[in-house]
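Worksheet for the structure shown next.
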Amino acid sequence: MKTNYIFVTGGVVSSLGKGIISASIGKLLQARGYKVTIQKFDPYINIDPGTLNPYEHGECYVTEDGFETDLDLGHYERFTGIRTTRNNSITTGRIYKTVIDRERHGDYLGKTIQVVPHITDEIKRRMLGEGSFDFVITEVGGTIGDIESAPFMEAIRQLRWELGPQAVCVHLTYVPYLKAADELKTKPTQHSVKELQGMGIQPDILVLRTERHLDDALRMKVASFCNVDLECVVQSEDMPSIYEVPVSMQKQGLDAAIMRKIGIPVGETPAMKPWHDFLDKQRNAKREVHIGLVGKYDLQDAYKSIRESLNLACIYNDVKARLHFVNSEEITYQNVSDKLDGMAGVVICPGFGQRGIEGKIIAAEYLRTNDIPTFGICLGMQMMVIEFARNVLGYEDANSREMDAQTPHNVIDIMEEQKSITQLGGTMRLGAYECELREGSKAYEAYGHEAMVRERHRHRYEFNNSYKEEYEAKGMKCVGINPAANLVEIVEMPEKRWYIGTQFHPEYSSTVLHPHPLFLNFIKVCVE
């Protein structure tokens, strides 16, 4: 079978959920037995989202091969179980950098470098992808009409012409409801499609994002005004959960419509039993469990993968997650009990920089001394280590060299043996590394007695091994070690109900059908 290409674009407004639709299409085609990959093309000029403020762009997701990407890749992985790489996330910045580097190298033999054909050719090359897949799904960020996305639209126009029926365009638009008129309005969708047609692209399938159910008459109107078959006008209503979207799309025949457009026999509709079992569990969970998130970014998308990992772990433990964000900048010794009491468990969130860290340290002390289940991730784990040094080992001035370059007790630091290695990738440890687990530890039990696991990292500073013996002697055990560099990956306090910190980010590898074992175990203890 030749590779087929599905292009997902968006109109009217941003944040319509193109990532969820792309992931849903991937899931439905996978369920039919096809080999699928999904890629995101972002029109901004940054090389990657690694330096972007979470307030502007949400969390930065990290692939196994150590590339910092858009949070939509998290949706792709959670829905499909695909392991993405740097090839699944492309920005305008990377496209231009590649072309400019080639020009400087003399590869264009002195030709004038232009958006068409040089930039568009590079976009096409990356859109066609590498490897053998039945379907490559390409989501283009932003909205039709943005200046930044014009070269991507031109590349799609050319590819549709070159690939013929092997290429399908799915266009996502918004149908607003006007309360005063008590009417749903299709005009924004018509304008969006007209704009797309003006760029030489006729959408094959329209997905209409809506807060209200659309009747057949409205769908028929959209179909006739936009030159799209009625069966190819699909609605994406607000759902109780994003994980209901693939099922809704399947009921409306989105995957079948794509296959008919390409000319593939549709066949039977897959049962997707494991997915439906998961949704049944989600619907049947009645009891709530309250989990605190101690961090400094007060918005949904900043800790997207952590929130989703907690939600998934709760569903598999037959409870509903009730997540409470607690701003670490506002935590003091006086109010910490007010802010954290009533939580069945608390996650101390990752992050970078000085802001809000003292609040995380106060929270860690309160949680440790009151034996409340605690999960520290990356910087969260480092704050648990610093708190322990200050209040148990007696080093009141203990800190991380990231926060205080002069601290005499640098329990967190860039290790000497690591400095030579990490210069290769800036000074960050990015991507998947091995972690050897100590037999009999809580982490070892949580992982189902696996001796060696691989987890993804995004950090610069490490646990300082010079203090290891002191920590072990006083009750904080270093139970996960990276065998290649002897760096500490997991700390835990065995006498506590659940007090575990990981230097890595387990949330990046938690999926709908395979939730992460540490999150599952953490919630299990919280529920008990």
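Because only heavy atoms are used, hydrogens play no part in the values below, and waters and symmetry mates are left out as well, while side chains stay in.
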All pairs passing ring-ring contact (aromatic ring centres under 6.0 Å, His included) where residues 237-262 contributes a residue, at least two apart: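 The answer is Phe79-Tyr243, Tyr243-Phe278.
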Can [X] and [Y] be counted as an ion pair, charged N to O under 4.0 angstrom?
X      : Y      : answer
Glu288 : Arg322 : yes
Glu231 : Arg219 : no
Arg125 : Asp121 : no
Lys40  : Asp72  : yes
Glu103 : Lys111 : no
Arg104 : Asp101 : no

Examine the side chains of [X] and [Y] and answer whether a donor and an acceptor come within less than 3.5 Å of each other.
X      : Y      : result
Thr63  : Arg83  : no
Tyr177 : Asp182 : yes
Glu211 : Tyr174 : yes
His75  : Glu139 : no
Thr173 : Thr189 : yes
Ser248 : Glu237 : no
Ser305 : Glu59  : yes
Ser241 : Gln282 : yes
Tyr61  : Glu77  : yes
Asn88  : Thr37  : yes

With a 6.0 Å cut-off (strictly less than), is the heavy-atom count around [atom1] of [X], excluding the residue itself, greater than 12?
X      : atom1 : answer
Ile147 : CD1   : no
Ile45  : CD1   : no
Met239 : CE    : yes
His213 : NE2   : yes
Glu130 : CD    : no

Does [X] reach the main-chain N or O of [Y] with its side chain, forming a donor-acceptor pair under 3.5 Å?
X      : Y      : result
Asn284 : Asp280 : yes
Asp298 : Asn327 : no
Tyr316 : Val512 : yes
Gln166 : Thr3   : yes
Lys304 : Leu71  : no
Gln39  : Met127 : yes
Lys273 : Pro270 : no
Ser309 : Ser510 : no
His459 : Tyr461 : yes
His118 : Gln114 : yes

Return the set of residues passing side chain to side chain contact (heavy atoms under 4.5 Å, CB included) with [X] (not counting sequence neighbours), or none when no residue passes.
X      : value
Cys60  : Glu68, Arg458
Ile47  : Arg94, Lys97
Ala271 : none
Met343 : His290, His324, Val346

In chain order, what residues pass the salt bridge (Lys or Arg N to Asp or Glu O under 4.0 Å) check against [X], with sequence neighbours excluded?
X      : result
Glu402 : none
Asp238 : Arg209
Lys281 : Asp318
Glu195 : none

Could you tell me if the side chain of [Y] sits less than 4.5 Å from the side chain of [X], heavy atoms only?
X      : Y      : answer
Ile25  : Ile6   : yes
Lys221 : Gln190 : yes
Ile38  : Leu73  : no
Ile201 : Phe7   : no

To the closest 0.5 Å, what do you measure between NE2 (His191) and OG1 (Thr186)? 9.5 Å
Quick check for you: to the nearest 0.5 Å, what is the distance between Gln235 atom CD and Asp215 atom CG?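 That separation rounds to 9.0 Å.
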Side chain to side chain donor-acceptor pair (under 3.5 Å) contacts in which one or both residues fall within residues 8-22, not counting sequence neighbours: Thr9-His171
Which pairs pass side chain to side chain donor-acceptor pair (under 3.5 Å) with one or both residues in residues 149-163, sequence neighbours excluded?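 Counting only pairs at least two positions apart or across chains, the side chain to side chain donor-acceptor pair (under 3.5 Å) contacts touching residues 149-163 are Lys124-Gln158, Lys124-Glu162, Glu154-Arg157, Glu154-Gln158, Arg160-Asp204.
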Does Tyr34 have any ring pair (Phe, Tyr, Trp, His ring centres under 6.0 Å) partners at least two apart in sequence or in another chain, and if so, which?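 Counting only residues at least two positions away or on another chain, Tyr34 forms a ring pair (Phe, Tyr, Trp, His ring centres under 6.0 Å) with Phe135.
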From the list Gln382, Gln503, Met381, His505, side-chain contact (heavy atoms from CB on, under 4.5 Å) partner of Pro350 resolves to His505
Minimal non-hydrogen separation, Ile144 against Ser192, with atom names: CG2-O, 4.2 Å
Minimum heavy-atom separation for Pro151 and Thr120, please, with both atom names.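 Residues Pro151 and Thr120, closest heavy atoms: O-CG2, 3.6 Å.
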What about Phe519 and Phe375, are their ring centers closer than 6.0 Å?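 Ring centres of Phe375 and Phe519 closer than 6.0 Å.
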In sequence, state the C-alpha distance, the side-chain angles, and the governing distance for Glu329 and Lys296, and then conclude on salt bridge (Lys or Arg N to Asp or Glu O under 4.0 Å). CA-CA 7 Å; Glu329 283 192 276; Lys296 63 179 178 182; over 6 Å; no
